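See structure below.
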Amino acid sequence: MRVLVGVKRVIDYAAKIRVKPDGSGVDKANVKMSMNPFCEIAVEEAVSLKEKGLAKEVVAVSMGPQASQDTIRTALAMGADRGIHVVTDKELQPLAVANMFKSLVEKEDPKIVLLGKQAIDDDCNQTGQILAAKLNWSQGTFASSVVVGDDQEKVVVTREVDDGLETVSLKLPAVITTDLRLNEPRYATLPNIMKAKKKKIDKVTPEDLGVDVTPQIEVLHVKEPEARSGGVVVESVDELVDKLKNEAGVL
Amino acid sequence: MGKYKGEGSLAVRPKTTEEVSRILKHCNERNLAVVPQGGNTGLVGGSVPVFDEIIVSMARLNEVKSIDPLSGVLVCQAGCILQHLDDRVAKEGLMMPLDLGAKGSCHIGGNISTNAGGIRYLRYGSLHGSVLGLEVVLANGEVLDVLQSLRKDTTGYDLKQLFIGAEGTLGLVTAAAIHCPPRPKAKNATFLACATFSKVLETFRKAKADLGEILSAFEFLDKESLDLAVGTYEDVKSPLPGSPERFYVLLETSGSNEDHDNEKLHAFLEAALESGAISDGAVAQDGTQLKAFWRIREGVPEALNTHKAMYKYDLSIPQSTMYGLVEDMRARVGDRAYTVGYGHLGDGNLHLNVVADAYSEELTSLIEPFVYERTAELGGSVSAEHGLGQMKADCIGYTKGDSAVSLMRLVKKTLDPKGILNPYKVLPLPGEVTPPQDS
């Protein structure tokens with residue numbers, strides 16, 4: 001079977017971010033970008049399925065500006081077979097992304113779509129669920145374990161939910177979104193990085209997919225959380241008592 | 001490290017240079033010995049009293065005086081923690097010119113007094129170059145102010161150089177002016193596998209030629225070091241899990257343009273793979289993976305530290321003969337202990353460690369003085385960056401000749417006639433010079 005994996009280019013998890021002075025969003029200028037960590041886990045899961053002989057082809061999909069291509073290359077270096085880049089400079093929200101995935105699913109006919117549970121920039125946690133509903137497919141979200149049956153008709157997904165772990169058996173085809181403990185993504189190693197350079201990346205536009213990606217939600221204002229005021233190191237017990245009494249008012 | 005314990009019963013914690021001055025004046029008049037102490041992360045017992053010396057902690061001299069974003073000059077007191085300084089200067093787009101595992105606790109004053117090296121020495125050089133000025137309190141309490149922030153100043157003898165690396169034996173550093181380089185916009189890290197040590201050297205030569213100005217670190221680990229770190233800590237994972245190779249390299253680049261650096265790095269890696277210098281490698285795809293690679297390197301000394309007996313050597317050895325010393329040591333020690341070699345290959349600095357469940361006369365006699373004698377034979381240094389402290393206070397003879405040591409004694413006598421500053425450290429007692437004259 002074919003597996004489709006979504007990979008999103010986001011601000012690097014380790015990068016320090018700042019809000020733009022006008023409050024319109026996060027300052028992305030000169031900030032390092034990388035693959036969304038949950039998408040990395042999705043790629044790892046897809047490539048593992050291929051290594052187990054359960055998937056024949058893994059297709060990595062990214063949607064965004066020219067630079068999103070780098071994210072696809074990383075997926076290829078981890079073992080994906082080919083890529084699809086939906087090229088657009090427009091702002092993409094989960095509804096638009098899900099609509100475009102639906103269009104790609106109709107073209108590529110995968111049995112499983114693997115997505116990260118959420119992106120670390122918008123934390124929406126919506127795309128997988130919307131896509132499954134639009135396709136009328138099963139969904140296994142927040143997956144911490146994925147076991148595809150040998151008959152490739154069913155998949156057993158363990159989900160991390162508030163109460164603990166919930167295990168569901170899903171009929172394929174299915175949309176699965178990955179959670180942190182599903183696997184540990186492999187590093188991109190040199191022979192694979194070299195091979196990845198030769199793998200194909202097809203380019204399409206939202207128009208080619210027949211999707212209007214106009215945002216449905218407008219962000220009005222972005223601001224940083226209140227700065228935590230620092231603790232004070234006191235030099236003596238007397239000073240501590242004085243501060244507790246006269247500043248904190250707890251004595 | 002838990003290796004040295006003194007019998008000091010008094011520690012003082014001054015807040016200002018003036019207080020340090022009054023302390024030393026008093027101690028000098030009364031012939032009281034002092035031990036300056038920074039973050040207490042030294043590896044040769046330099047900051048621990050040997051007997052009952054008074055500890056002078058610099059922890060409260062922790063103010064940043066100024067940061068000039070244009071010239072990149074930071075002026076701060078000696079008790080500032082290196083990590084805090086790096087965070088502060090980061091706000092101005094700068095970085096500290098040195099980086100080491102202890103940065104969360106070590107003080108800049110201590111770094112300066114030990115001429116600390118670290119993992120970015122290859123790119124940013126020695127503190128002898130990046131320290132522009134110092135404020136030092138001398139043994140008699142006099143405050144020596146050579147704290148200017150000028151990049152170039154050739155007026156008379158460059159006094160600050162005396163105190164950099166003097167391990168607190170010539171004066172107490174109370175403030176410093178340091179030149180900070182711009183913080184890189186792009187960083188890349190790769191973890192490479194090499195079949196032989198000469199391939200590691202070949203990779204290094206290629207890296208210098210092909211990566212040149214963006215190369216910012218070149219650390220090596222042997223398989224024994226990697227296995228130890230991976231085996232000790234759950235969060236340390238090898239990026240090349242199946243690799244059978246004997247040697248691993250952590251290569252880092254830092255530059256101002258990500259695309260440009262990526263292109264150079266990938267061209268270098270392709271060529272190195274093709275020529276067979278490297279047999280495999282992993283490239284960090286994001287900031288988290290970059291940190292994970294460094295976690296491996298940091299995990300090695302940490303894992304070594306968990307052993308009851310640790311023989312730790314920090315040597316400068318000509319690169320071509322560096323690993324030969326590790327192999328010879330491993331052969332000598334055999335099954336009695338676990339021998340690892342790793343370090344700042346780019347700087348010719350080997351960290352040779354032998355660890356075991358317990359110290360023993362037998363083990364010690366196999367290791368010393370062999371390690372020092374062999375280092376001297378190879379024309380190396382018995383302490384590349386850790387200093388001499390008390391651990392190697394009688395070892396200077398392996399690396400410096402008699403006339404050098406005599407002149408050092410003269411300088412010490414001039415600056416500290418009563419010998420109150422950090423005694424029993426760095427220089428051997430007069431009359432004792434190792435190695436013995438007849439060897």
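FYI, side chains are in, hydrogens and waters are out, and symmetry mates aren't considered; it's all heavy atoms of this structure. Residue numbers start from 1 in every chain, and the chains themselves are labelled A, B, ... in the order their sequence lines are given, proteins ahead of strands. For clarity, every value in this text was computed on a predicted model and none was experimentally measured.
B/Glu252 has a carboxylate O that lies under 4.0 Å from a charged side-chain N of B/Arg120, or vice versa, which qualifies the two as a salt bridge.
With a threshold of 4.5 angstrom between heavy atoms, A/Ala188 approaches chain B through its backbone and through its side chain. Proximity to chain B is limited to the side chain of A/Lys197, based on heavy atoms less than 4.5 angstrom apart. Contacts between B/Glu258 and chain A at a heavy-atom distance below 4.5 Å involve the side chain alone, from C-beta outward.
Per-residue counts of heavy-atom pairs under 4.5 Å with chain A were compared for B/Leu273, B/Asp286, B/Leu290; the largest is that of B/Asp286. With chain A as the partner, the residue from B/Gly287, B/Gly281, B/Ala292 showing the most heavy-atom pairs under 4.5 Å is B/Gly281. Across A/Thr74, A/Asn30, A/Val233, the residue that shares the most heavy-atom pairs under 4.5 angstrom with chain B is A/Thr74. When the candidates A/Lys16, A/Glu40, A/Met35 are compared by the number of heavy-atom contacts under 4.5 Å with chain B, A/Glu40 comes out ahead.
A side-chain N or O of A/Asp22 and one of A/Ser24 form a donor-acceptor pair less than 3.5 Å apart. Using modelled atom types, one finds no donor on one side chain facing an acceptor on the other under 3.5 Å when comparing B/Ser238 with B/Tyr248. In this model, a donor atom of one side chain and an acceptor atom of the other lie less than 3.5 Å apart for A/Thr141 and A/Arg159.
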Carefully, step by step, assess B/Cys180 and B/Arg88 under the rule side-chain contact (heavy atoms from CB on, under 4.5 Å). CA-CA 11 Å; B/Cys180 298; B/Arg88 276 294 292 271; over 6 Å; no

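Taking the centre of each ring, B/Phe191 and A/Tyr187 stay at or above the 6.0 Å mark.
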